[in-house]
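Quick caveat: nothing in here was measured; it's all calculated off a predicted structure. Both backbone and side-chain heavy atoms feed into the values below; hydrogens, waters and symmetry mates do not.
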Amino acid sequence: MSASAPRLLLRRPTEECVQRFLDAAVHEPFSYVERGASRDGAPSGYDLDHNRVRLGAGRATFERARAALGRWAMFPPGWTRVVHREESIAVGQTVCVQFHLFGLHWLNAARIVTVLDETASAEGGPVRRSGFAYGTLTCHVERGEERFSVEWLADDSVWYDLRAFSRPSLWAARLAKPVARALQRRFVRDSQAALRAAVEVG
């Protein structure tokens, strides 16, 4: 199976289908050149989304949130799924991001570009920050980068920080950009809820 484009299916893909897509995606290049730019904002020509939600307070909350990111628990169940082979997050890891929307199943691929594990990154900034960013490959409906991180601040509060820059990659996505933007906003809301639930469960 070629992974040079995102895969659209009318029925739920089999595990074998998803694995074949992931096998092919490993060899695909990035679909954008501004890798790592999600740390500071958005390059020209991209939409920027930056959202934060408080998860609680204290070291225990931060460690639970950090562990939840590591197992991709911020992806809302029901309509998203991440398929990966490596047990731990690492730069260069390729993943299949599966969406189930409007009765359709989308297979997209992304690759981790940065991993964050920072202590006292700046005066007045986070005491600890942990997370990672991944970038889209040519077999993704969008083009850009998304960063998932959790921060433990000096006031003891813990936050989930989600930053992304993107623009449509496929002509169909460009035509349906208002729908795509609405789905991105839905992802933010559902992702925040999913991570908060994961932290509460521990």
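- Residues passing the ring-ring contact (aromatic ring centres under 6.0 Å, His included) test with H100, sequence neighbours excluded: H105.
- How far CZ of F75 is from CG of L69: 10.5 Å, rounded to the nearest 0.5 Å.
- In the model, Y160 has no side-chain atom that pairs as donor or acceptor with a side-chain atom of S149 under 3.5 Å.
- By the 6.0 Å contact criterion, CZ on R54 is enclosed, its count of non-hydrogen atoms from other residues, nucleotides or ligands being greater than 12.
- The stretch residues 79-107 participates, sequence neighbours left out, in these salt bridge (Lys or Arg N to Asp or Glu O under 4.0 Å) pairs: E15-R81, D23-R85.
- Residues Q184 and S166 form a side-chain contact, since some pair of their non-hydrogen atoms from C-beta on lies under 4.5 Å apart.
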Should F99 and V97 be marked as a side-chain contact (heavy atoms from CB on, under 4.5 Å) after you check the CA-CA gap, both sets of side-chain angles, and the distance that decides it?
CA-CA 7 Å; F99 296 96; V97 184; 3.4 Å; yes
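- Scanning all heavy atoms of the two residues, the minimum distance from M74 to S191 falls at O-OG, 2.7 Å.
- Taking the side chain as every heavy atom from C-beta outward, R39 and T114 never approach each other to under 4.5 Å.
- A salt bridge does not link D117 to R129: none of the charged nitrogens lies less than 4.0 Å from a carboxylate oxygen.
- Put simply, CG on L162 and CZ on R189 are 12.5 Å apart, with the number rounded to the nearest 0.5 Å.
- Listed for the Q98 side chain is no donor-acceptor partner under 3.5 Å among the backbone atoms of N108.
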Which is it for V82 and H84 under the side-chain contact (heavy atoms from CB on, under 4.5 Å) test, yes or no, and what are the steps along the way?
CA-CA 6 Å; V82 178; H84 55 93; 4.2 Å; yes
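- With sequence neighbours left out, the salt bridge (Lys or Arg N to Asp or Glu O under 4.0 Å) criterion links R185 to no other residue.
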Verify side-chain contact (heavy atoms from CB on, under 4.5 Å) between V158 and V199, making sure each step is shown before the conclusion.
CA-CA 11 Å; V158 177; V199 169; over 6 Å; no
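- By the 4.5 Å heavy-atom criterion applied to side chains, L9 and L104 are not counted as neighbours.
- Shown here are the side-chain hydrogen bond (donor to acceptor under 3.5 Å, both in side chains) partners of T94, two or more places apart in sequence or in another chain: R111.
- F187 is connected to L195 through a chain of hydrophobic side-chain contacts under 4.5 Å among Ile, Leu, Val, Met, Phe, Trp and Tyr, so both are in one cluster.
- With hydrogens and angles disregarded, no donor-acceptor distance shorter than 3.5 Å links the side chain of E28 to the backbone of C139.
- Considering all non-hydrogen atoms of both residues, S38 and A133 come closest at OG-CB, 3.6 Å.
- Taking a 6.0 Å sphere around CZ of R196, one finds it holds 12 or fewer heavy atoms contributed by other residues, nucleotides or ligands.
- We find the CG-CG distance between L48 and D40 to be 11.0 Å, quoted to the nearest 0.5 Å.
- Taking T14 as the reference, E16, C17 meet the side chain to side chain contact (heavy atoms under 4.5 Å, CB included) condition, with sequence neighbours excluded.
- In terms of the side chain to side chain contact (heavy atoms under 4.5 Å, CB included) criterion, residue partners of V91 (sequence neighbours excluded) are, by chain and number, V115.
- Following chains of ILVMFWY side-chain contacts shorter than 4.5 Å, one can reach W79 starting from V141, so the two form part of one hydrophobic cluster.
- Within the 4.5 Å cutoff, side-chain heavy atoms of L101 are placed close to those of R186.
- W159 contributes atom CH2, which lies 7.5 Å from atom CG of L153 (distance to the nearest 0.5 angstrom).
- Heavy-atom minimum distance, S88 versus Q93: O-OE1, 3.3 Å.
- Within the 4.5 Å cutoff, no side-chain heavy atoms of E118 are placed close to those of E151.
- Residues passing the ring-ring contact (aromatic ring centres under 6.0 Å, His included) test with F132 are W72, F148, sequence neighbours excluded.
- Residues that satisfy the side-chain hydrogen bond (donor to acceptor under 3.5 Å, both in side chains) test with T136, not counting sequence neighbours, are S31.
- At least one donor-acceptor pair closer than 3.5 Å links the side chain of T61 to the backbone N or O of A57.
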So I89 and I112, side-chain contact (heavy atoms from CB on, under 4.5 Å) or not? Walk me through it.
CA-CA 8 Å; I89 302 296; I112 295 175; 3.4 Å; yes
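- Atoms CZ and CZ, from R59 and R64 in turn, are 13.0 Å apart once rounded to the nearest 0.5 Å.
- Every pair passing salt bridge (Lys or Arg N to Asp or Glu O under 4.0 Å) that includes a residue from residues 154-163 is listed here, sequence neighbours excluded: R52-D161, R147-D161.
- Side-chain contact check for S130 versus W152: every heavy-atom pair is 4.5 Å or farther apart.
- Looking at residues two or more places apart in sequence or on another chain, you find a side chain to side chain contact (heavy atoms under 4.5 Å, CB included) between A73 and A68, R71, A198.
- With sequence neighbours excluded, the residues satisfying side chain to side chain contact (heavy atoms under 4.5 Å, CB included) with A110 are V95, Y134.
- By the 4.5 Å side-chain criterion applied to Ile, Leu, Val, Met, Phe, Trp and Tyr, V113 is assigned to a cluster that also includes F30, Y32, Y46, L137, F165.
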